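Here's the structure we're looking at; comments come further down.
Predicted model, so just to flag it, every value in this text is computed and none were measured.
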Amino acid sequence: AQTSVSIAMHLLGHHDSPSGQVRKNQAMDKVQQAIGMMSETDQEVLALRHFEELSNSEAAKVLDISEKNASIRYVRALKRLKDIMSDFSGPIEDI
């Protein structure tokens, strides 16, 4: 659960206005829910790349896989996240 919170916060960035903060909180709830629906592998790849800010090469070493496979996993995890998010009501571009 902590990983999904961290990833969501990193992906959403910062909003200064009160209305921006409300939109960010709503989006964060959606992103957290979506990430919670993903496999542990997808969550780990996203956490390594976004929260830990590792490169494909560094993430590959952590996962003990090739750099190419790390890249493929990352792109697939992002696509799965986008697909899950598109199932939620409300436009994704608000996020």
Side-chain angles (χ1 to χ4, degrees):
Q2 186 61 30
T3 298
S4 64
V5 172
S6 298
I7 294 171
M9 289 176 66
H10 183 80
L11 290 173
L12 294 174
H14 304 285
H15 294 281
D16 295 329
S17 70
S19 62
Q21 188 62 44
V22 169
R23 283 192 306 274
K24 179 181 175 183
N25 290 343
Q26 291 170 339
M28 187 162 169
D29 289 342
K30 288 181 182 181
V31 173
Q32 279 182 262
Q33 185 179 359
I35 291 170
M37 297 168 68
M38 298 175 75
S39 72
E40 286 186 29
T41 301
D42 286 346
Q43 289 181 33
E44 184 175 19
V45 168
L46 291 175
L48 290 172
R49 292 298 311 278
H50 288 279
F51 183 61
E52 299 292 332
E53 298 182 4
L54 299 182
S55 66
N56 270 337
S57 177
E58 294 166 329
K61 289 176 184 173
V62 170
L63 297 170
D64 196 28
I65 59 175
S66 72
E67 187 172 341
K68 180 179 178 180
N69 283 339
S71 179
I72 290 168
R73 282 187 184 185
Y74 174 63
V75 170
R76 287 181 181 167
L78 285 176
K79 182 179 180 337
R80 286 184 190 108
L81 179 59
K82 182 179 178 181
D83 290 345
I84 293 168
M85 291 298 299
S86 69
D87 290 340
F88 294 151
S89 61
I92 294 174
E93 48 278 350
D94 284 349
I95 296 175

Can you check side-chain contact (heavy atoms from CB on, under 4.5 Å) on L46 and F51, steps first, answer last?
CA-CA 7 Å; L46 291 175; F51 183 61; over 6 Å; no
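The cluster map of Ile, Leu, Val, Met, Phe, Trp and Tyr, joined by side-chain heavy atoms under 4.5 Å apart, puts Y74 and I65 in the same cluster. Grouping the Ile, Leu, Val, Met, Phe, Trp and Tyr side chains by contacts below 4.5 angstrom, directly or via other members, places M38 with V62. Both I35 and M37 are assigned to one and the same hydrophobic cluster, defined by single-linkage of ILVMFWY side chains at heavy-atom distances under 4.5 Å.
How far CD of E44 is from CD of E52: 10.0 Å, rounded to the nearest 0.5 Å.
Here salt bridge (charged side-chain N to carboxylate O under 4.0 Å, His left out) pairs that include residues 61-80, with residues two or more places apart or in two chains, are D42-R80, K79-D83. Residue pairs satisfying the ring-ring contact (aromatic ring centres under 6.0 Å, His included) criterion with at least one member in residues 19-48, sequence neighbours excluded, are absent.
What you find for A34 and M85 is that their closest heavy atoms are CB-SD, 3.5 Å.
Annotation: side chain of L78 is not in contact with side chain of R49 (no heavy-atom distance under 4.5 Å).
No side-chain donor-acceptor contact under 3.5 Å links Q33 to the backbone of K30.
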